[in-house]
Amino acid sequence: MGWFKIPTIFTSYNHTHLPYYNPARQNLVNKSETQKDGAPNKVFRFLRRLMSGGKIDGGSRTEAEEKLYAWLYALAQSDKDLVFEYVRSTERGLSFAEAERRLKENGPNVPIDYSFPSWWHILWNAFFHPFNIILIVLSVISYFTSDSPNGCIMLVLVFISVSLRFYQEYGSSKAAMKLSEFVRCPVKVQRCAGRVYQTELVVQIDQRDVVPGDIVIFEPGDLFPGDVRLLSSKHLVVSQSSLTGESWTTEKTADIREDQSTPLLDLKNICFMGTNVVSGGGAGLVVSTGSKTYMSTMFSNIGKKKPPNDFEDGVRRISYVLVAVMLVVVTVIVVIDYTTSHNLTESILFGISVASALTPQMLPLIVNTSLAKGALAMARDRCIIKSLSAIRDMGSMDILCIDKTGTLTMNRAIMVNHLDSRGLSKEKVLQFAFLNSYFKTDQKYPLDDAILAHVYTNGYRFQPSKWQKIDEIPFDFIRRRVSIIMEREAEDKSRHVFDRVMVTKGALEEVMKVCSSIEDVDSGTNITFTSEHYQRILNMVEEISNEGLRVLGVAIKSLDTETSYQRKDDDETFESDMVFLGLITFFDPPKDSAKQALWRLAEKGVKAKVLTGDSLSLAIRVCKEVGIRTTHVVTGPELELLNQESFHETVKRATVLARLTPTQKLRVVQSLQTVGNHIVGFLGDGVNDSLALDAANVGISVDSAASVAKDFADIILLEKDLNVLIAGVEHGRLTFGNTMKYIKMSVIANLGSVLSILIATVCLKYEPLTPRQLLTQNFLYSVGQIAIPWDKMEEDAVKVPQKWSQKGLPMFILWNGPVCTIFDVSALLFLWFYYKARGVVDSMFFHSAWFIEGLLMQTLIIHLIRTEKIPFIQDLASWPVLCSTVLISAIGIAIPFTPIGGVMGFVELPLSYFGFLLVLFLGYLFVGQVVKRLYIMVYKRWL
């Protein structure tokens, strides 16, 4: 057979980079695209991608996925002889020399070609943040100006922030390594040896050494080391649960040519890397290995498609704004102060103090304390929090995508009914199904337990002690049925004869296949099993399946007492000419808590969507039971036929999406995030859920999940209970609300204070506060804010998802910031005109008065901002916040009256000034409340 120089489809379209370019194969791979997309469509698709700016919206496949689909479909539609030419192999297999050459060319056969970032790279990313840079620059300048304590505090805050982020990101970067667990096993391959006379040899090699063109031989229990085109098969049954999440198996066969309409994972002559053989065996041609397989293409975007975090982006933008304001304000203040003091060092030190006051130094501590507090609370609810930021995202989550199995349902079968061939309940069907399950010893399945439990709990007395088991034909995945041979003494005991029967139970199609008779419902006699009976039963089963029920068939056969069964030799012939009795139906019932939990989530503004690999009928049945609307449903194969716009619209409306592949789950999540602008949570526990878990804003798994799924999850539930998520949503909204309180009040207080200092510096001939006094004031205020994570939130604030608003914070500052500055200037004017504190000789008095006024003003801002109600009257803060306010205020007022105040340059203040402060702060609370109400009327929200 000739060797074609055919390129791999997974490289660039640039032919100069292809070592084995062949136009015939390139046309084969691109034929489907050419037929489906004309030139105008290609142009429109290019323009759409160009205008999207690389935004991942989930509506279309990537270029690598398109090439992979085209390649596998081309192989599935081709004859086996032609397939050898496509992969440049022969029916004898590759020679050892050629296999070695291809291994060097393609590299080891590992699932993902993923280079993990080094620890120093992750550390640098954690360190390089505008907020950290601000604090580091200020700390360095502080050391140069002999203000070591302030510089040390800022460096400690930076260390805490960088350490936490480095720890989280370094741990999560290793998650993709778990994928290699799927393919670490020896593989049998057929190779040819000899230069003149070639001999076919079957050798065992490591899966890492398998190359495209190898012929692999597989048997039960083997994992496929790559994507394989079947060459021969015998009763081959494969489990694709690692890709689809479906628990049932799939039959594969080599003697078929597929067409383009068959879903990729349903191709009968293609087996995929990571799937395993359940029963049967055969041989196949490896067509793709390593990073070019379906599994690797599916997982190749892990870690790359996580949506941007709005909260972190918002904090970063605040940092940029603070840097800009700081450069302008501090420069102006330094220049003005130098023109009056003519002391450059003192002016620079004063400027640094102002910059420090402008920086919300406690932001890392407040944020991480709030998140840690939420993590501890969720730990008490049996949750493991891997990513602290996921708690905050839980508060913003407005859509929860969940898998049906084990989350909404009990993940166990319950028997529903026992029906004859006409759909009527018949006890005889249950009796023999029970006896089959009772005497079965080879391997009991959950359906056997369901039958036994139904009989015992409903009071049936079938007296199995009167029967004696003779033999058993065990279940296998080829026959998909189990038969029990048993006998009992006949009713005529004087004759000492026995009734011997064989009872068969299993997949309905397989049971009906071995039946030649059927029990007539009316007469009770056995009649011929006709095609009409067969079709009637199939129609009845279709209706039953549409209700989400599973079905097993039951049949019996009378045997002579002399009849013996030779194990393994005559299963097919022995299980023949049987009498069909009826059906047993089963259902995986929904959890009692699921309906209430979904209702409570809906009350909190979180909509549920079911994304499952199970059948649509089963998903609809379960969703109806738990109260999820099923007016808009769709399946994975239907989504494949939609264009991008229709895809997004369908995902938006659908509440139940069934028969989804892992990549389809990923695209659904991305569509909801980008086009729908939702914060999406995803609850999954299988390998097939890893893509969606990684891409979701909040990835949620369970303790019993696959190791890969747990690695990609942000939150791990120790129990499969949606009620735990409700507590997580509440903790998340409390954390988000308290964090936003700090950000808004600190930015307003700091900006208002700095603007007041700027105005005072311009009006006065001296500094309104010395650098030491300003840093002390800022330190006391910052310490007072530590209690904010323990504050409470109003009930209305936790009823709806909380999201970061890009326009919200600037408008909030513009509305509320000037109020603080106006009353600071009012205090300045009062000191100027009433106490005549205008000259340098009055500076100590002014410093003392301005220090107390500024500290109390910033402390009161906490109470004004934290609630939309009237503070201290309609709503009180939590006791930690109240205690913090009283303590910091008392310390600030007391300092000028202590020896410490003398060292800092303070003097005692008259009682009349405190009377003025009382009036000033009452006025501030009144005006601030009026502005608050106007703001709420305009923007319909507060925090």
Side-chain angles (χ1 to χ4, degrees), residues 1 3 8 75 80 83-84 86-113 177-243 249-250 252-254 269-296 476-478 687 707:
M1 185 175 292
W3 290 89
T8 172
L75 295 170
K80 287 182 283 187
V83 171
F84 283 108
Y86 292 155
V87 296
R88 297 175 286 121
S89 185
T90 68
E91 295 178 354
R92 293 177 178 271
L94 298 176
S95 65
F96 286 92
E98 176 63 16
E100 184 69 22
R101 187 191 65 79
R102 294 192 183 193
L103 183 62
K104 292 180 180 179
E105 177 184 318
N106 296 301
N109 179 30
V110 293
I112 286 184
D113 184 16
M177 293 180 65
K178 293 293 183 180
L179 293 173
S180 60
E181 295 177 0
F182 292 109
V183 290
R184 289 192 177 277
C185 58
V187 180
K188 291 180 181 179
V189 299
Q190 179 178 300
R191 296 272 173 87
C192 58
R195 294 184 177 181
V196 180
Y197 298 101
Q198 290 191 334
T199 304
E200 299 173 2
L201 300 175
V202 176
V203 295
Q204 186 167 283
I205 63 175
D206 187 82
Q207 56 84 22
R208 296 171 62 90
D209 299 329
V210 174
V211 296
D214 266 331
I215 297 176
V216 294
I217 300 169
F218 43 83
E219 55 191 23
D222 288 346
L223 285 171
F224 287 100
D227 291 342
V228 173
R229 168 61 160 89
L230 293 178
L231 301 175
S232 63
S233 61
K234 182 179 180 181
H235 304 306
L236 180 60
V237 179
V238 174
S239 171
Q240 298 186 153
S241 60
S242 61
L243 300 179
T249 55
T250 302
K252 299 281 185 176
T253 179
N269 56 7
I270 299 291
C271 296
F272 300 92
M273 184 183 207
T275 62
N276 63 286
V277 179
V278 176
S279 63
L285 183 66
V286 178
V287 297
S288 301
T289 59
S291 60
K292 300 170 185 177
T293 60
Y294 172 79
M295 183 175 114
S296 297
D476 61 58
F477 285 97
I478 299 172
V687 177
S707 59

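Sequence positions, counted from 1, serve as the residue numbers for this chain.
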To the closest 0.5 Å, what do you measure between [atom1] ([X]) and [atom2] ([Y])?
| X | Y | atom1 | atom2 | answer |
| --- | --- | --- | --- | --- |
| Glu98 | Arg101 | CD | CZ | 4.0 Å |
| Asp227 | Cys271 | CG | SG | 9.5 Å |
| His235 | Thr253 | NE2 | OG1 | 10.5 Å |
| Thr90 | Gln190 | OG1 | CD | 8.0 Å |

Nearest atoms (heavy-atom pairs only) where [X] meets [Y]:
| X | Y | value |
| --- | --- | --- |
| Met273 | Met295 | O-SD, 3.6 Å |
| Thr293 | Ser288 | CG2-O, 3.3 Å |
| Val216 | Pro225 | CG1-CG, 4.1 Å |
| Ala254 | Arg229 | O-NH1, 3.8 Å |
| Pro220 | Ser279 | CG-CA, 3.9 Å |
| Ser89 | Gly213 | OG-O, 2.7 Å |

Handout entry: Lys80 NZ: over 12 foreign heavy atoms closer than 6.0 Å
Key = yes
Exercise for the section: Determine, step by step, whether Ile270 and Tyr294 satisfy the side-chain contact (heavy atoms from CB on, under 4.5 Å) criterion, reporting the C-alpha distance in whole Å, the side-chain angles of both residues, the deciding distance to 0.1 Å, and the verdict. Expected result: CA-CA 11 Å; Ile270 299 291; Tyr294 172 79; over 6 Å; no
State whether the side chain of [X] and the backbone N or O of [Y] hold a donor-acceptor pair below 3.5 Å, judged by distance alone.
| X | Y | value |
| --- | --- | --- |
| Asn106 | Thr289 | no |
| Glu200 | Glu91 | no |
| Asn269 | Leu230 | no |

Handout entry: Side chains of Asp214 and Arg191 in contact at under 4.5 Å (non-hydrogen atoms)
Key = yes
Practice task
Would you indicate whether the side-chain heavy atoms of Val211 and Asn109 approach each other to under 4.5 Å?
Solution key: no
Problem - Residues forming a side chain to side chain contact (heavy atoms under 4.5 Å, CB included) with Thr275, sequence neighbours excluded - result: Phe224, Val238, Gln240, Ser242, Leu243, Phe272
Exercise for the section: Would you mind checking if Glu105 and Arg102 are paired as a salt bridge, meaning a charged N to carboxylate O distance below 4.0 Å? Expected result: no
Fill in the blank from the handout: From the list Val287, Leu285, Val228, side chain to side chain contact (heavy atoms under 4.5 Å, CB included) with Leu75 holds only for Val287
Practice task
Start with the C-alpha gap between Phe84 and Leu231, add the side-chain angles, then the distance that decides, and say whether side-chain contact (heavy atoms from CB on, under 4.5 Å) holds.
Solution key: CA-CA 10 Å; Phe84 283 108; Leu231 301 175; 3.7 Å; yes
